[in-house]
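Worksheet: one structure, shown below.
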Amino acid sequence: MTTSSRKQIYFLLVPLVLLISNCVEEFVPETLIFEDILVVESTITNVYKFHEVKLSRTFEFDSVQKFEQNANVSIVDNLGEVMNFQELEPGHYVSTAAFRAEPNKTYQLLITTQNNLRYASKAEPLPDSASELTDIKLSKTTNNQKEEGVEISISSVDPSGGSKYYRFEYEETYKIVPPLWSPNDAIVISVSNPATVGTIPKTQEERVCYNTVPSNAIFQTETNNLTADRITEFPLKFILKKDPVFRERYSILVKQYVQSFEAYSYYKTLSELSSSESLFSENQPGFLNGNINSLSDPSEKVLGYFEVASLSSQRVFASFDDLYPGEGRALYFETCEIVAPLLNLPGGGSFSPLVDAIRSNTLKFIDVNLEPDDKRPGPYLMTQRGCGDCTVYGSNVKPDFWID
């Protein structure tokens with residue numbers, strides 16, 4: 001499920017009729033009714049920063065996502081202070097000044113589209129919270145399929161007992177070092193028969209990269225029925241031991257949002273509707289109302305929720321050796337092979353397998369082939385691009401927060 005679909009779901013489903021007979025009838029779903037609806041994503045917190053609002057439109061499964069562009073977006077508090085937003089990318093609006101949500105204030109999101117349609121959220125307060133994310137724990141364990149791996153769990157406490165309702169997000173970042181990297185690249189010097197090739201030093205960083213992946217699900221818990229407002233080792237994610245994200249170095253940033261009861265209920269319902277089994281459950285989902293309404297047309301449907309939440313976050317780092325000392329390394333993202341394509345085919349001809357591989361950037365140079373044979377007859381040892389170029393799997397820009 002994508003980030004957009006996590007925030008809002010719209011199902012219009014016909015009732016599911018079960019035919020009871022001696023044979024099983026094939027179920028053919030009827031076509032869903034599509035409606036073009038504004039989608040709003042925004043959470044502001046008590047952290048002083050530039051906050052964001054994302055506006056898009058619903059789109060059919062086989063079409064491209066559409067963004068709501070050129071809108072006027074602002075947030076106003078109950079004292080009349082206005083926080084304006086500007087569009088930096090299509091549908092992505094960022095506040096023109098940094099701010100934080102404060103206690104004893106309410107905040108309302110206001111939107112006017114380029115078609116002069118007006119929308120407003122309910123006025124939302126900042127939840128009263130003293131909760132802090134206290135620990136992120138990585139524990140070796142096995143999953144339900146008896147596969148080895150690492151469970152990531154989190155703990156939190158609010159001494160005041162005022163939090164109760166929690167939502168979590170995370171971002172994983174991992175280091176990528178391709179196993180067959182070389183400091184040199186192969187280049188084509190001439191394509192004339194016979195073709196000639198050479199090598200030059202790489203012109204970009206391809207040895208060390210990093211990839212950041214956001215969470216793609218809704219994680220919630222509540223302490224309303226507990227004697228203490230405390231979360232102890234809440235399971236957030238399981239990662240297989242062989243997962244390539246652990247091969248070099250791994251980091252996870254966990255964000256804890258203390259929610260209002262209304263926001264908690266909205267996201268809880270959204271999570272239930274988003275599960276694959278809900279499509280064929282007896283409780284057929286319908287339109288999920290959030291806290292945003294159209295001022296231009298009260299009957300118009302709007303998807304999404306404007307949330308005001310207290311935020312606490314924490315980051316940890318781990319390496320494979322930290323978790324499994326002396327057990328080698330996790331797998332790489334693909335099985336890497338060493339090949340040596342011919343430069344010039346026997347009998348002449350204009351086609352050169354090696355030149356084609358270099359030009360199409362499908363193979364990367366490893367080394368000179370000092371011992372050509374029938375299996376590897378060409379002049380250069382080569383490998384798949386992803387095995388020698390880390391930019392296939394991530395960015396070669398080191399994140400500011402990264403610690404080796």
Side-chain angles (χ1 to χ4, degrees), residues 2-3 59 61-65 67 89-90 171-214 216 240 242-250 320 328-399 402:
T2 64
T3 300
F59 59 98
F61 292 119
D62 57 350
S63 62
V64 179
Q65 183 176 11
F67 300 99
E89 297 176 2
E171 288 182 356
E172 300 173 280
T173 303
Y174 50 89
K175 185 177 181 179
I176 304 162
V177 180
L180 297 176
W181 174 84
S182 168
N184 297 317
D185 269 329
I187 60 168
V188 176
I189 297 175
S190 173
V191 295
S192 301
N193 190 17
T196 55
V197 295
T199 61
I200 60 171
K202 287 187 183 295
T203 57
Q204 72 167 1
E205 172 61 50
E206 296 178 354
R207 182 176 179 271
V208 179
C209 290
Y210 306 85
N211 192 34
T212 297
V213 182
N216 59 356
L240 291 173
K242 60 186 179 183
D243 195 310
V245 302
F246 275 143
R247 180 177 171 86
E248 301 295 337
R249 188 158 174 78
Y250 171 87
F320 188 84
R329 309 174 79 181
L331 300 177
Y332 191 61
F333 297 94
E334 59 183 295
T335 301
C336 297
E337 299 178 354
I338 299 176
V339 297
L342 281 169
L343 176 57
N344 295 290
L345 295 176
S350 60
F351 178 71
S352 167
L354 180 56
V355 167
D356 182 66
I358 295 172
R359 282 186 155 184
S360 63
N361 199 26
T362 55
L363 296 178
K364 298 296 288 187
F365 174 81
I366 302 174
D367 206 346
V368 174
N369 188 7
L370 299 177
E371 298 180 358
D373 55 26
D374 291 341
K375 185 178 179 182
R376 296 170 181 162
Y380 292 158
L381 299 176
M382 309 283 286
T383 188
Q384 304 102 290
R385 184 186 165 205
C387 297
D389 178 0
C390 66
T391 63
V392 172
Y393 294 105
S395 168
N396 57 12
V397 178
K398 184 177 181 178
W402 191 261

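Considering only heavy atoms from C-beta on, Cys387 stays 4.5 Å or farther from Pro178 through its side chain. Under the 4.5 Å side-chain criterion, counting only non-hydrogen atoms from C-beta, Asn369 is not in contact with Pro379. In this structure, Asp367 and Ser182 have side chains that are not in contact, with every pair of non-hydrogen atoms separated by 4.5 Å or more. Contact of the Met382 side chain with the Pro353 side chain is not registered, since no non-hydrogen atoms from C-beta on lie closer than 4.5 Å.
For Pro90, the side chain to side chain contact (heavy atoms under 4.5 Å, CB included) criterion is met by Phe67, Gln69, not counting sequence neighbours. Listed by chain and residue number, Lys202, Lys364 satisfy the salt bridge (charged side-chain N to carboxylate O under 4.0 Å, His left out) test with Glu206 (two or more places apart in sequence, or in another chain). A search for side chain to side chain donor-acceptor pair (under 3.5 Å) contacts involving Lys398 returns Asp404, not counting sequence neighbours. In this view, Phe333 and Tyr174, Tyr393 satisfy the ring pair (Phe, Tyr, Trp, His ring centres under 6.0 Å) rule, not counting sequence neighbours. In this structure Ser190 satisfies the side chain to side chain donor-acceptor pair (under 3.5 Å) test with no other residue, sequence neighbours excluded.
A donor-acceptor contact shorter than 3.5 Å links the side chain of Asn396 to the backbone of Glu205. Of the possible polar contacts, one joining the Ser352 side chain to the Leu343 backbone as a donor-acceptor pair under 3.5 Å is found. The closest donor-acceptor contact from the side chain of Arg385 to the backbone of Thr362 lies at 3.5 Å or more, if one exists at all. Looking only at distances, no side-chain donor or acceptor of Arg207 sits under 3.5 Å from a matching main-chain atom of Trp181. No donor-acceptor distance shorter than 3.5 angstrom exists from the side chain of Glu337 to the backbone of Gln384, with no hydrogens or angles considered.
Taking CG of Asp356 as the reference point, atom CG of Leu342 lies at 13.0 Å (rounded to 0.5 Å). Here the CG atom belonging to Asp389 is positioned 10.5 Å from the CD1 atom belonging to Ile176, to the nearest 0.5 angstrom. Atoms CD1 and OG1, on Ile187 and Thr196 in that order, are 9.0 Å from each other to the nearest 0.5 Å. Remark: Leu363 CG to Leu381 CG distance equals 11.5 Å, nearest 0.5 Å.
The shortest heavy-atom contact between Cys336 and Leu180 is CB-CD1, 3.9 Å. When all heavy atoms of Asp243 and Ala330 are compared, the pair lying nearest together is O-CB, 3.4 Å. Nearest heavy-atom pair across Pro244 and Tyr332 is CG-O, 3.6 Å. Annotation for Val197 and Val188: closest pair CG1-CA, 4.3 Å, computed over non-hydrogen atoms.
Legend: ring pair (Phe, Tyr, Trp, His ring centres under 6.0 Å) pairs involving residues 352-380, not counting sequence neighbours, sorted by first then second residue: Phe365-Tyr380.
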Checklist entry - For Glu248 and Arg329, what are the C-alpha separation, side-chain angles and deciding distance, and is it a side chain to side chain contact (heavy atoms under 4.5 Å, CB included)? => result CA-CA 8 Å; Glu248 301 295 337; Arg329 309 174 79 181; 2.2 Å; yes
